[in-house]
Structure formats: structure tokens, C-alpha cells
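Right, one structure below, let's go through it.
Because only heavy atoms are used, hydrogens play no part in the values below, and waters and symmetry mates are left out as well, while side chains stay in. Lettering follows sequence order; numbering is per chain, from 1.
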Amino acid sequence: MSVRVRIAPSPTGNLHIGTARTAVFNWLFARHHGGQFILRVEDTDLERSRPEFTQNITEGLQWLGLQWDEGPFFQSDRMDLYKQNVQTLLDKGLAYRCYVTEAELNDLRASQEAQKLAPRYDNRHRDLTPEQEAAFQAEGREPVIRFKIDDHRNIVWKDMVRGTVSWNGSDLGGDMVIARRAPADQIGQPLYNFVVVVDDVDMGITHVIRGEDHVANTAKQLLLYEALGAKVPEFSHTPLILSPTGKKLSKRDGVTSISDFQKMGYVPVALANYMSLLGWTPTDSTQERFTLEEAAKEFDFERVNKAGAKFDWDKLNWLNSQYLHEMAAAELTDLLIPYWQAAGYEVDGESDRPWLEQIATLIGPSLERLDQVGEMCRYLFDPELDYTEDAIAHLQKDGVADVLKAVAAALPNAALTTVDEAKALIKDITKSTGAKKGLIMKSLRAGLTCALKGPDLVESWLLLHQKGLDTVRLEKAIALGQPQHGGD
RNA sequence: GGUGCCGUAGGCAAAUAGGUAAAGCCACAUGACUUUCAAUCAUGUGUUUGCGGGUUCAAAUCCCGUCGGCACCUCCA
């Protein structure tokens, strides 16, 4: 039988890095086995689910290259199927209506907490007589539907990453609610743990791959498979992604949604590569850079770790930089244009293209994230850019202004389109001023780029020259170099 | 409070029928290169697998205990 797996995000927020990593593992597993990867949107929580989150999730998955083969299916479209199955359990006597109110439940939990007991439902309405039910209904109480959980059952499964996992029925919190409160002649809104099983059965899911935070649910769900007379899939619970403090990574930890990573200028291949490394290692563990396709060839849960992995920004940044460094200028330019524009520079993707590609070529090899280009390239775009303190200090040193004046004087008649031409000009200045090359270079850097450090100076100068910015800067720099009245 | 899981250097990790450890990557430090920063290249620091017992000729790998961390215990997913 061919492998069928699914990613089942809930549209109650943007695509989370943890969900995305689970999607990566599912995708990898499906591709490895030539199976199907299914997208199912778990929107049974009508109040919290929002269409814009669904869109964020599907866009994020596609951006990462995790294309699904079937779906998206929406649970909100499948309510009848769930309710039919609830009815089946009711008919079989495996589920029942429970009239306990929320207030009563709260009291129960409070007293359990006071006695330092584990919170659980005491199954008090499991065996109500028709008369008792009628009485509750007469009171105006509406029931939820609970699935019976045998306290004496021992539930065991072989987890693909965790090995044998076993659970006692008594540790499952009592009979579980599978449908929300509704009038007694109806079936209320079916709940997560139940619909997941119905869907996984209905969609023929063969392997349930999800985060470790679902292990306890698995025990409950196994009982549901049994009650529904369905074939049980394989399970694998992957380690969680932890924040730097060691807790499950949540929204509170700052950037956690894929769209945020995208905005920050991570490229999808790098992010996908990094996510697959979080808990999984290729057979050749020295090979850490790979595409999803390459990873799929050998993906295997035998090599998935059990311990949670802390999210490491340094390593993600490094991986991202590696992809950026070797990216072709044309492609990099396409990616960079929105970031330049976001930084407020007026660039025209058409007319400025050659200039922009030259910039991309210059800075690409030292770029870590796309969103760094705003600051990194400011000296190339902003005519009003202020000089840094150390640049000003340098410009005010003896002899520096003279050098810059010489350059400014030579500029109108100089050809400055190639590195060689620029170097020749610098050589001329060296001769005419008698200044050392080191001083000239440093002075030019300070005068031209407003800072003492940055990308290659000669290349930068050429770029500046194309926009006539070098002349402007030189004048300003020379003015800054004049002795100031009252200064020290 | 209960249940479950996990624990190799700052981080990710390798070492899978127990075979005598910390490979590789990130970070960090130093050097080289360069007009500077970054990148790149080279070199280096980090040491006995949370801890304590046990089994064994041999244990990171098995057993017991202990400590710590995390997850779950919703009419959320």
C-alpha cells in the first residue's frame, strides 16, 4: 500500500515554524516513499479560525517548496461525516450524552486540585437512565457527547521515532468529549481528537507524523480507531523545536511564523534545509547543506532524534548566507529589489537593472540576509547620508582634504567605468599629491562612502560614479575637512 | 499533583545488533588575504557522554536509582 501522509495545520495563526518543520518531515517521508502528501485544514474551531491564516499557511508551504498532492481539505466542509461517526459511536453504546455543566466541571477540577489529584472527569454521567436524562433536559441542560475510556485499558503502540510507547487508560482524563454542547436531539460541533481520527481514516492516512506534543492524544485516538473499527496507521512523534531558553517555541519567542522569516530575507531553500536538520541527520552527517529533494532520497525516521532541538539563529544565518553567496546576480537582484524599495530607495527594476545587478554582484558574497541590504547599500542610494564619526575624524586629518580635492579636480575629465580606470586614476593621484596609497584609499573610502568600512572601495566608487554621487560626496567631504571655528 | 518523553562540549549533532568517544557543522579565538568590514582560507580552545550505582572482558549505548529539562492533563488544535 502506498504511503499517504498529511499536514494538518489549524488556521488560528500564521504558519508556525513548528508546523512547517512537521510539514517538511511529512513531505520528505512521502517523497521518499513515492507517496502522497495531503493538506488538511483543521478549522473545527470556528471561532478562532480565519481565512487569512489559511492563506498564510498555504502560501508559506508553497514558498518553502512543500507542494501537497491532495487538498486542501477543510474540516468545516465535512461536518456531516463527523456527525455520522459520532452517531455510530452513540448507536454502539461507546459514547453517551453528558449533562454536566461547565460550572460543575470547574468545581470538580478545583477539588481535585485541592487534593493534589490529577484533573479528570469522573465519568459521572456515563450510565444515566432515560429518566435522569429527561430530568436534566427538563432543567434546560444541554449535553456534550463523551466517548467512553476504559480506565483499565493499557494502550501500546510502536512509535517510529520513540519506539514502544504505552499508556494507561486511567491517565487519559476520563471519558473524552468528542462533540460540543448542543440540544439533546442533536449532535454538537465535533472536536479535534475525534475528527482527526475520522479524517485520517477517511483519507486513508498510513503514517501520522506530528509533533511530540501529540503523544498523549495518540493514546486516546487509538481507542477511537478501535471503536470505529478502523485500521490503525503508524505514528511518529517528532521532537519539538525549542526556544533558546529550552521551551517549546511559541509566538512569544518573537519570530516564529514562516512569513516573518520570509520578510527577514531568508531564502526558502535555506530555511527548509535548516528545518530538516532540526532533529534529523543524513547518513553522511558531514553533509549538512542539501535541498529537500536530496534529503528525500534518504529520509528515514530511524535517523530522527528524540530530544528537542533548540533553534539556533547563528546556524540558520550561516546556512542562509551560503545560499546567498552562491546565488546568480540576476536571481539575487530579483530578490533584493523589494528590500531596496522597502528601505525607501527609489529603484526602477527596469531602467536601474544593470546598476542593481552590479550591486548584487558586489555585496552578494558577503550577504547573510536579504533585509540587510537596506543598511548595507545606504551609501549607494542616499545622497543625504551622514558621515560616521570615525569617517569625519579621518576627513579632518592633515592632508586628507588635499587628496580629496585632487580627486575632485580630476573627476570631471576622468573615465570611470572599469576597475582598471579607477585604479589608474588613484595612481595618478598618488603621484600628484605624493600621499601614500593607504592614506588615499582610506580618505576616498571615508569621503565617498561616509564610513571607514564597507564593500570593496573601487567597485563602490564605480557604482557611485554612475549616479554622479561621487562628486557630491567629495564636495561634502572636503567641506567637512576644513578647519572648524571654535573646534579643537 | 499525575502521566509520558528526553539529557553527548555554548548550539545542532555523529558514534544504531555494547567494543573502548566527542567526527562534522554553527558559534568563539588566532593567523592569512584586502584599502577597511564582511566573505573566504588555515589553525586552535572546548574532554570522558546530567549524576550515582549495577550487569559485562568491555556501556554514551542494557538495568536500577537520582537530579534536571520539556510536553501533555480544554466542551483548543
Side-chain angles (χ1 to χ4, degrees), chain A residues 8-13 19 42-45 47-49 75 98 100-102 105 109 112-121 142-146 159 162 165-168 170-174 176-182 188-189 191-193 195-196 211-217 219 237 239-240 242 244-248 274 277-281 283-289 302-303 305-319 321 324-325 363-368 372 376 426 436-446 449 451-458:
Chain A
S10 172
T12 52
T19 309
E42 310 226 316
D43 56 352
T44 55
D45 187 337
E47 282 162 31
R48 293 197 301 150
S49 295
Q75 292 186 324
C98 165
V100 176
T101 63
E102 288 194 63
L105 232 32
R109 290 201 189 104
Q112 282 164 339
E113 194 175 333
Q115 296 171 69
K116 296 205 181 273
L117 293 172
R120 57 175 276 132
Y121 171 59
E142 291 189 344
V144 298
I145 297 174
R146 286 185 185 268
D159 197 280
R162 265 142 230 289
V165 182
S166 80
W167 221 276
N168 268 332
S170 56
D171 293 324
L172 260 24
M176 64 187 275
V177 179
I178 57 173
R180 277 181 160 155
R181 194 171 298 285
Q189 168 106 140
L191 292 168
Y192 170 75
N193 267 311
V195 301
V196 164
E212 187 200 331
D213 46 350
H214 282 287
V215 275
N217 288 329
H237 290 93
L240 261 23
L242 275 20
T245 57
K247 308 236 190 256
K248 179 166 82 165
Y274 181 65
L277 240 21
L278 247 25
W280 177 74
T281 320
T283 316
D284 175 6
S285 58
T286 64
Q287 183 45 27
E288 296 199 297
R289 281 183 56 198
E302 292 264 306
R303 294 188 68 82
N305 227 58
K306 294 188 191 69
K310 284 184 187 164
F311 193 87
D312 184 353
W313 287 96
D314 282 332
K315 191 152 184 175
L316 202 218
N317 285 338
W318 171 78
L319 215 37
S321 73
L324 253 23
H325 293 178
I363 63 166
S366 55
L367 203 56
E368 194 169 62
Q372 292 170 328
M376 196 180 278
I426 291 168
K436 287 184 177 171
K437 193 188 172 195
L439 177 75
I440 293 179
M441 296 304 279
K442 194 170 180 182
S443 303
L444 272 176
R445 176 173 290 287
T449 72
L452 254 27
K453 54 187 184 182
D456 184 272
L457 177 60
V458 175

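When distances are taken from the side chain of A:Asn193 to each of B:A77, B:U36, B:U16, the shortest belongs to B:A77.
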Please determine whether side-chain contact (heavy atoms from CB on, under 4.5 Å) holds for the pair A:Val195 and A:Thr44, giving the CA-CA distance in whole Å, both sets of side-chain angles, and the decisive distance to 0.1 Å. CA-CA 8 Å; A:Val195 301; A:Thr44 55; 3.8 Å; yes
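The side chain of A:Thr281 contributes an N or O atom lying less than 4.0 Å from OP1 or OP2 of B:A14. Listed pair A:Thr44 / B:A77 meets the phosphate criterion, a side-chain N or O lying under 4.0 Å from OP1 or OP2. OP1 and OP2 of B:U74 both lie 4.0 Å or more from every side-chain N or O belonging to A:Arg146.
For the P atom pair drawn from B:U55 and B:C73, the interatomic distance equals 42 Å after rounding to whole Å. As rounded to the nearest Å, B:C5 and B:C57 have C1' atoms that lie 34 Å from one another. Comparing the same atom, P, in B:G24 and in B:U43 gives a spacing of 11 Å after rounding to whole Å.
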Distances under 3.5 Å only, N/O to N/O: pair up the protein atoms with those of nucleotides 38-42 of chain B.
residue	atom	partner	partner atom	Å
B:A39	O2'	A:Pro365	O	2.8
B:U40	OP1	A:Gln322	NE2	3.0

Taking N or O atoms only and anything under 3.5 Å, show me the protein contacts with nucleotides 5-9 of chain B, one pair per line.
residue	atom	partner	partner atom	Å
B:C5	O2'	A:Arg162	NH1	2.7

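Ring pair A:Tyr274/A:Phe311 is perpendicular by interplanar angle, where above 60° counts as perpendicular and below 30° as parallel.
Looking at A:Glu212 and A:Lys248, no side-chain N of the basic residue comes within less than 4.0 Å of a carboxylate O on the acidic one, giving no salt bridge.
Remark: A:Asp456 pairs with no residue by the salt bridge (Lys or Arg N to Asp or Glu O under 4.0 Å) rule, at least two apart or across chains.
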